[in-house]
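Side chains are part of it too, since the values below use all heavy atoms of this structure and drop only hydrogens, waters and symmetry mates. Note that the structure is predicted; figures quoted are calculated from it, not measured.
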Number of protein chains: 2
Amino acid sequence: MTPSPSSPQESLVDALAQTAFMTMAELTRISAENDLSLTQLRMLAILRDRRPRMAALAEYLGLEKSTLSGLIDRAQKRGLVQREASAQDGRAVDVFLSPAGHRLAEQVSSHIADALAPGTAALSSDEQRTLQSLLERMLDARS
Amino acid sequence: MTPSPSSPQESLVDALAQTAFMTMAELTRISAENDLSLTQLRMLAILRDRRPRMAALAEYLGLEKSTLSGLIDRAQKRGLVQREASAQDGRAVDVFLSPAGHRLAEQVSSHIADALAPGTAALSSDEQRTLQSLLERMLDARS
DNA sequence: TATTGTTATACTCTATAACTATA
DNA sequence: TATAGTTATAGAGTATAACAATA
């Protein structure tokens with residue numbers, strides 16, 4: 001099941017879960033250091049190369065549309081994102097990062113790379129490539 | 001940085017982050033299906049083989065002690081955990097799973113294994129062992 | 001009528017600060 | 001005085017339900 005701290009992994013599932021919790025702990029810490037929630041971090045990451053409608057962004061994040069309204073309200077108030085009425089559909093609203101939002105997303109991105117580096121540094125270049133390849137195949141198999 | 005949905009990974013860091021988000025998404029979904037938050041799921045996992053004091057559990061979970069008080073209040077009200085005054089220290093309170101809590105933890109555990117199986121099934125037995133070993137070495141390098 | 005998004009409401013999660021009881 | 005835990009308070013994140021505007 002979910003990993004207990006410092007417990008030995010007995011299976012691949014345990015190792016995956018523990019890796020997930022370790023990574024999420026780092027992401028949560030980095031989010032907090034930048035006054036972001038984990039959800040806001042994900043939102044920033046998604047908006048980095050997209051300009052979705054509210055409904056599409058809610059779908060990406062796995063949230064109800066009402067939840068997203070509040071999330072975007074707060075991010076917009078902080079100047080990180082902007083709303084714009086869709087040209088195609090009078091009911092729809094597009095969301096996208098402001099320049100400040102883009103800057104923050106870039107900054108957070110480099111912090112994440114730094115935070116995960118210690119673990120990956122324990123592996124040789126060959127092993128890193130192997131790990132990346134195995135993870136990608138596992139992820140691809142799910143979609 | 002954090003993965004966007006369905007975007008190609010360009011580095012090990014991206015693959016790790018995307019794996020983390022995929023895994024956490026499954027854990028979040030399973031938690032919700034069992035009327036648990038992700039934090040409550042982690043708490044159940046930790047208490048499965050431990051009987052810590054409030055302060056130690058808060059430390060494990062990375063929460064303030066006041067946050068944990070509320071968390072345990074709600075879990076206790078649902079009959080999942082129990083509190084007991086420490087025999088050693090009159091100020092301290094031990095926390096542990098109730099029988100119902102243990103049953104729920106076991107049930108959730110098997111759901112998690114089922115949820116992660118599709119991805120791991122894409123790999124051969126040898127590859128699964130390799131992946132597990134690489135992840136474990138990466139995790140060990142951090143502690 | 002169906003869809004997009006917002007608003008109203010309620011509950012959980014979280015932290016900070018103040019407090020009680022014990023060491 | 002210092003530590004363990006709870007309570008009070010406030011804000012963010014979340015969902016459900018009701019609503020307005022548009023398709």
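- Put simply, CG on A:Leu57 is 12 Å from P on D:dT14, counting in whole angstrom units.
- Geometric assessment of A:Arg42 against the ring of A:Tyr60 yields a negative cation-pi assignment under the 6.0 Å and 45° thresholds.
- Mapping A:Lys65 and B:Leu38 onto DNA chain C via the closest heavy atom, the residue that lands nearer the 5' end is A:Lys65.
- Distances shorter than 4.0 Å separate some side-chain N or O of A:Arg74 from OP1 or OP2 on D:dG13.
- Taking atom NZ of residue B:Lys77 and atom P of nucleotide C:dC13, one finds them 12 Å apart after rounding to whole Å.
- Among D:dT14, C:dA17, D:dT16, the nucleotide with an atom closest to any side-chain atom of B:Ser66 is C:dA17.
- Between A:Arg83 atom CZ and C:dT4 atom P there is a gap of 16 Å when expressed in whole angstrom units.
- Near DNA chain D, defined here as any heavy-atom distance below 4.0 Å, the residues from residues 89-98 of chain A are A:Asp89, A:Gly90, A:Arg91, listed numerically.
- Following rounding to the nearest Å, A:Arg29 (CZ) and C:dT14 (P) show an atom-to-atom distance of 17 Å.
- When heavy atoms are screened at a 4.0 angstrom cut-off, A:Ser37 is found touching the sugar-phosphate backbone but no base atom.
- The side chain to side chain contact (heavy atoms under 4.5 Å, CB included) check on B:Glu33 picks up B:Arg29, with sequence neighbours excluded.
- B:Thr67 comes within 4.0 angstrom of a nucleotide base, judged by non-hydrogen atoms across all strands.
- B:Arg83 forms no cation-pi arrangement with B:Phe96, by the criterion of a distance under 6.0 Å to the ring centre and an angle within 45° of the ring axis.
- Contact between the side-chain N/O atoms of A:Thr39 and the OP1/OP2 oxygens of D:dG13 is not found at any separation under 4.0 Å.
- A:Leu68 comes within 4.0 angstrom of nothing in the nucleic acid, heavy atoms only.
- Here the shortest heavy-atom pairing between A:Pro118 and A:Ala115 reads CD-O, 3.2 Å.
- Distance, A:Met54 CE to C:dT7 C1': 12 Å, rounded to whole Å.
- In this structure, B:Arg137 does not pair ionically with B:Asp140, as no charged nitrogen and carboxylate oxygen lie closer than 4.0 Å.
- The interatomic distance linking A:Met43 (CE) with D:dA12 (C1') rounds to 13 Å, in whole Å.
- B:Leu41 has its CG atom 15 Å from the C1' atom of C:dC13, to the nearest Å.
- Each of B:Gly70 and A:Gly70 lies near DNA chain D, and the nucleotide nearest B:Gly70 is the one positioned closer to the 5' end.
- For the pair A:Leu63 CG and C:dT12 P, the interatomic distance rounds to 19 Å; values are reported in whole Å.
- Residue A:Gln40 is classed as a sugar-phosphate contact, given heavy-atom separations below 4.0 Å to backbone atoms only.
- Across B:Ile72, B:Leu63, B:Val81, B:Leu71, a single residue satisfies side-chain contact (heavy atoms from CB on, under 4.5 Å) together with B:Leu57, and that is B:Ile72.
- Using a 4.0 Å cut-off between charged nitrogen and carboxylate oxygen, B:Glu26 and A:Arg142 count as a salt-bridge pair.
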